[in-house]
Amino acid sequence: MASARTATQGMSLDDVDLTDHARFADAVPHEMFRLLRDQDPVHWQDEREGRGFWAVTRHADITAVHKDWRTFSSERGGSSLQDLDPEAVVARKSMLDMDPPPHNKLRAIVNRDFTPRAVRVFEERIRSLIVTILERALAQGEVEFVREVSAELPMRVFAEMLGAPESDHRHLVELGDRMLGQDDPEYRLDPEVMRANSHLPFSNPAAADMFEYGRGLAAERRRCPREDIVTKLVEAEIDGCPLSEQEFDVYFLLLAVAGNETTRHSISHGLLALIDHPEQAERMRTDPDLSRSAADEILRWATPVHHFRRTATCDVELGGKQIREDDKIATWFISGNFDDREFSDPMRFDVGRDPNPQMTFGPGGPHFCTGAHLARLEIQVVFEELLKRVRSFELTGPVERLQSNAFNGIKRMPVRLEAA
Ligand code: HEM
């Protein structure tokens, strides 16, 4: 049985560099993370353009950090490793970059739209979107799977949840594409554009377009309320006050962006895992009841978000290391998901894995992914429908990975799909 693709073998702690995007170009550096978990699970990492950070790599330590939000804050310094200037942090602050109790009040606005029961309402619509997307791809036979399948679904589902008209779906998919992670040289914005937009809360011009789209929907829902997320946002009150325009913008943007790239990469990694492990695809075909555990295993295997950041609010000991107040901490889900202290034989892809305490949506705590049930459902249904319709699939060219230490992404993946 093939194991996970590993990038580095036989390395020492001196070779570790978690800031080097190129180390993530060919594959996830699983060997580097294994070394850290075994020998230095709370590891100090210097940065070229920053003050350095603690890298937390064991499942149990990552969980402890995320659950103790008083000691490990999302508000102080935000949730990304980049050190933004304080004004930018305030201007772009979403609930992701807040601590309770204000965080909980914002989160409560949409929380009930993402419960398992609420997202089940979308199941039939999601299924029919997927069938349309897959049948179009199957008719072509050879496709660039990311563009034709993985990238299409998440924004179309988001559009459905917004109640956006069908005619806007393509526009939303394109906007989502323009908001993709910027570590990879291919997606990096022109420095001129970044400079010209440096006075704005987000330097990517696609953010302004997304705000404009969201404001248009908000205006419509104010005139004519519906049972949807945008109506909830325009009618919401926090401590008796409606959301400001900026709060609405940032909320809308978070919802639009959070599930886009992440779900896309999960779908691509899922297909790649089944190509690499044909016996697991066969298991799923013969036992369709495995589709739910398979979705969780695909999510573990994919771990599209490598890490998040917290900042210490006081001096504290973690994994035997003395953390100082204001130190940055990166929690590496991509490492926790392959920790053999939690998972038996973690480098084995096993669609029936049980238990599977994957931390792809975070390990719990106040910021646990709002969209987890929705994303899991999308992945489950994609592979149910794909395995029903597609007899065989194979790569027809190289898989092009995103060069990023933040996202486990696939940019392009040419495949041949043969109908069942
Ligand atoms: C496979 C797909 C997805 C992955 C891997 C993913 C991953 C994550 C992670 C790691 C977090 C932070 C957890 C933490 O800090 O403890 C998060 C938060 C969040 N996610 Fe997702 N996500 C996915 C899909 C979605 C979808 C479909 C939506 C819905 C629109 C969504 C909305 C959010 C929001 C709003 C937050 C912020 C929650 C908060 O701060 O309280 N995500 N996600």
Side-chain angles (χ1 to χ4, degrees), residues 91-96 98 102-133 151-179 200-202 204-260 262-263 369-375 377-378 381:
R92 62 168 73 175
K93 190 159 87 175
S94 71
M95 64 170 146
L96 206 46
M98 293 167 83
H103 160 269
N104 298 353
K105 293 181 183 172
L106 270 179
R107 182 168 166 129
I109 300 172
V110 300
N111 233 0
R112 275 195 284 160
D113 293 282
F114 289 97
T115 60
R117 186 198 286 215
V119 303
R120 284 278 159 203
V121 170
F122 288 96
E123 179 168 345
E124 282 322 303
R125 189 64 195 120
I126 290 176
R127 203 174 284 279
S128 92
L129 274 175
I130 289 170
V131 169
T132 311
I133 292 169
E152 282 288 309
L153 185 68
M155 283 312 266
R156 286 186 188 269
V157 170
F158 177 61
E160 277 294 319
M161 292 195 82
L162 293 176
E166 179 91 33
S167 52
D168 287 359
H169 285 200
R170 185 97 287 275
H171 178 56
L172 276 164
V173 174
E174 278 160 17
L175 274 181
D177 264 355
R178 287 169 54 210
M179 296 290 309
L200 300 172
F202 293 86
N204 185 339
D209 294 342
M210 194 66 94
F211 293 158
E212 194 185 311
Y213 187 80
R215 286 178 200 167
L217 282 181
E220 268 174 49
R221 298 300 184 270
R222 275 193 201 93
R223 277 195 303 275
C224 190
R226 288 203 209 162
E227 282 290 313
D228 64 16
I229 293 177
V230 180
T231 308
K232 294 248 172 68
L233 291 178
V234 298
E235 289 180 349
E237 289 193 352
I238 304 277
D239 300 329
C241 300
L243 297 186
S244 67
E245 184 169 79
Q246 185 189 318
E247 283 170 328
F248 174 87
D249 285 349
V250 172
Y251 209 129
F252 185 80
L253 187 73
L254 174 65
L255 291 175
V257 172
N260 181 31
T262 48
T263 313
C369 175
T370 318
H373 301 298
L374 177 64
L377 180 68
E378 288 181 45
V381 176

Summary of salt bridge (Lys or Arg N to Asp or Glu O under 4.0 Å) pairs that have at least one residue in residues 110-119, sequence neighbours excluded: D113-K232
Can you name the side chain to side chain contact (heavy atoms under 4.5 Å, CB included) partners of R127, sequence neighbours left out? E123, E124, V381, E384, E385, K388
Considering residues at least two apart in sequence or located in another chain, which fulfil the salt bridge (charged side-chain N to carboxylate O under 4.0 Å, His left out) criterion with E245? R215
List for me each residue that meets side-chain hydrogen bond (donor to acceptor under 3.5 Å, both in side chains) alongside E152, sequence neighbours excluded, and say none if there are none. R156, R170
Give me the atom names and distance for the closest heavy-atom approach of P165 to Y213. CD-OH, 4.3 Å
Considering residues at least two apart in sequence or located in another chain, which fulfil the side chain to side chain contact (heavy atoms under 4.5 Å, CB included) criterion with S244? Q246, E247
Qualifying residues under side-chain hydrogen bond (donor to acceptor under 3.5 Å, both in side chains), relative to Y251, sequence neighbours excluded: none
Under the ring-ring contact (aromatic ring centres under 6.0 Å, His included) test, which residues partner H103, sequence neighbours left out? H367
Minimum heavy-atom distance A118-F122, with the two atoms named: O-CD1, 3.8 Å
Rounded to the nearest 0.5 Å, what separates atom CG in L96 from atom CG in L254? 6.0 Å
Side chains of residues 217-231: which donor-acceptor partners sit under 3.5 Å, not counting sequence neighbours?
| unit_1 | atom_1 | unit_2 | atom_2 | d |
| --- | --- | --- | --- | --- |
| R221 | NE | D228 | OD2 | 2.7 |
| R221 | NH2 | L162 | O | 2.9 |
| R221 | NH2 | D228 | OD2 | 3.1 |
| R226 | NH1 | G163 | O | 3.3 |
| D228 | OD1 | V230 | N | 3.4 |
| D228 | OD1 | T231 | N | 3.0 |
| D228 | OD1 | T231 | OG1 | 2.7 |
| T231 | OG1 | R226 | N | 3.1 |
| T231 | OG1 | R226 | O | 3.0 |

Scanning both residues in full, the closest heavy-atom pair of V250 with F211 reads N-CE2, 4.3 Å
With sequence neighbours left out, the residues meeting side chain to side chain contact (heavy atoms under 4.5 Å, CB included) with R125 are S128, L129, E160, E166
Spatial distance of atom CG (D209) from atom CG (L253) [nearest 0.5 Å]: 11.0 Å
Output the distance between atom CG (L233) and atom CZ (F248), rounded to the nearest 0.5 Å. 5.5 Å
Contact check, side chains of L153 and T263, non-hydrogen atoms, under 4.5 Å: no
Closest non-hydrogen atom pair, A164 against H169: O-NE2, 3.6 Å
Please list all pairs passing the salt bridge (Lys or Arg N to Asp or Glu O under 4.0 Å) test where one or both residues lie in residues 234-244, with sequence neighbours left out. K105-D239
To the nearest 0.5 angstrom, please state how far the CG atom of L106 sits from the CE atom of M98. 4.5 Å
Show the nearest heavy-atom pair for residues L175 and A206, with the distance to one decimal. CD2-O, 4.0 Å
Contact between M161 and F114 at the side-chain level, heavy atoms closer than 4.5 Å - yes or no? yes
Do F252 and M210 come close enough that some side-chain heavy atom pair is under 4.5 Å? yes
Interatomic distance, OG1@T370 vs CD1@I109, rounded to 0.5 Å, equals 11.5 Å
Of all heavy-atom pairs between G259 and P154, which one has the smallest distance, and what is that distance? O-CB, 3.6 Å
Sequence neighbours left out, what passes side chain to side chain contact (heavy atoms under 4.5 Å, CB included) with A151? Give chain and number order. R264
